[in-house]
Asker: 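Below you'll find the structure I mean.
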Amino acid sequence: MQTSRARLFKEYKEVQREKAADPDIQLVCDDSNIFKWTALIKGPSETPYEGGVFQLAFSVPEQYPLQPPQVRFLTKIFHPNVHFKTGEICLDILKNAWSPAWTLQSVCRAIIALMAHPEPDSPLNCDSGTLFKAIFCALGTSEAINLWRECILGLLPHQRKVDLCRLSIRW
């Protein structure tokens, strides 16, 4: 436990020192518990999440950095690799591909990368995964991003929903 506290304190000092270096991530340690952190991450550019700010909750185990932190979205997000109700994230580095070389900051970077490049073949949100594959396979990238953004924001007019359902059925 002493090792994990020392490591987290080192990460805390690094985050304080590098705040301006990474404007897409704001990582904050709980004042009363070094094993609880929150992060605000900006949605990656040229994605449907661009312009959004998403809150993450970190629960760091006492065996850190030998074991990964538990991370979940507190902000609701429609994404193939995020459980819609719990915010759980399906990301290999948070499971079997964890390495002590990862830091909380680099985990945030990996989550931003996952937001930009979903893995619809390994979904936690099956509806989102199926919809994502149907949209991106049927349309060009920029049109797909716009349609995905509409789906996320719930802005689809009725006719667009009908067309989208036809896309999904063909898939």
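Values below: every heavy atom of this structure, side chains too, minus hydrogens, waters and symmetry copies. As the structure is a computational prediction, the values presented were derived from the model and not from experiment.
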Asker: Quickly, which of Asn125, Val82, Asn81 forms a side-chain contact (heavy atoms from CB on, under 4.5 Å) with Pro118? Name it, please.
Answerer: Asn81

Asker: Is there a side-chain contact between Ile112 and Tyr49 (heavy atoms, below 4.5 Å)?
Answerer: no

Asker: Going by side-chain contact (heavy atoms from CB on, under 4.5 Å), name the residues that satisfy it together with Thr75, two or more places apart in sequence or in a different chain.
Answerer: Phe54, Gln55

Asker: Look only at the side chain of Gln67 and the backbone of Gln63, and say whether a donor-acceptor pair between them is shorter than 3.5 Å.
Answerer: no

Asker: By the salt bridge (Lys or Arg N to Asp or Glu O under 4.0 Å) test, which pairs, at least two apart or in different chains, include something from residues 64-86?
Answerer: none

Asker: Could you go through the side-chain contact (heavy atoms from CB on, under 4.5 Å) check for Phe58 and Leu56 one step at a time?
Answerer: CA-CA 7 Å; Phe58 285 76; Leu56 303 171; 4.1 Å; yes

Asker: Mind checking side-chain hydrogen bond (donor to acceptor under 3.5 Å, both in side chains) for Gln16 and listing every partner two or more places apart, or none if nothing turns up?
Answerer: Lys19

Asker: Tell me, do Leu124 and Phe84 make a side-chain contact under 4.5 Å, heavy atoms counted?
Answerer: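 No. Closest side-chain heavy atoms not under 4.5 Å.
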
Asker: Who pairs with Lys36 by side-chain hydrogen bond (donor to acceptor under 3.5 Å, both in side chains), at least two apart in sequence or on another chain?
Answerer: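 Result, side-chain hydrogen bond (donor to acceptor under 3.5 Å, both in side chains) vs Lys36: Ser59.
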
Asker: Who passes salt bridge (charged side-chain N to carboxylate O under 4.0 Å, His left out) against Glu18, sequence neighbours left out?
Answerer: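 With neighbours one apart ignored, the set is empty.
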
Asker: Show every donor-acceptor pair shorter than 3.5 Å between a side-chain atom in residues 86-98 and any protein atom, with sequence neighbours excluded, or say none if there are none.
Answerer:
| from | atom 1 | to | atom 2 | distance (Å) |
| --- | --- | --- | --- | --- |
| Thr86 | OG1 | His83 | ND1 | 3.3 |
| Thr86 | OG1 | Glu88 | N | 3.2 |
| Trp98 | NE1 | Pro65 | O | 2.7 |

Asker: Please say which of Ile34, Leu104, Leu27, Val60 ends up in a side-chain contact (heavy atoms from CB on, under 4.5 Å) with Glu11.
Answerer: Leu104

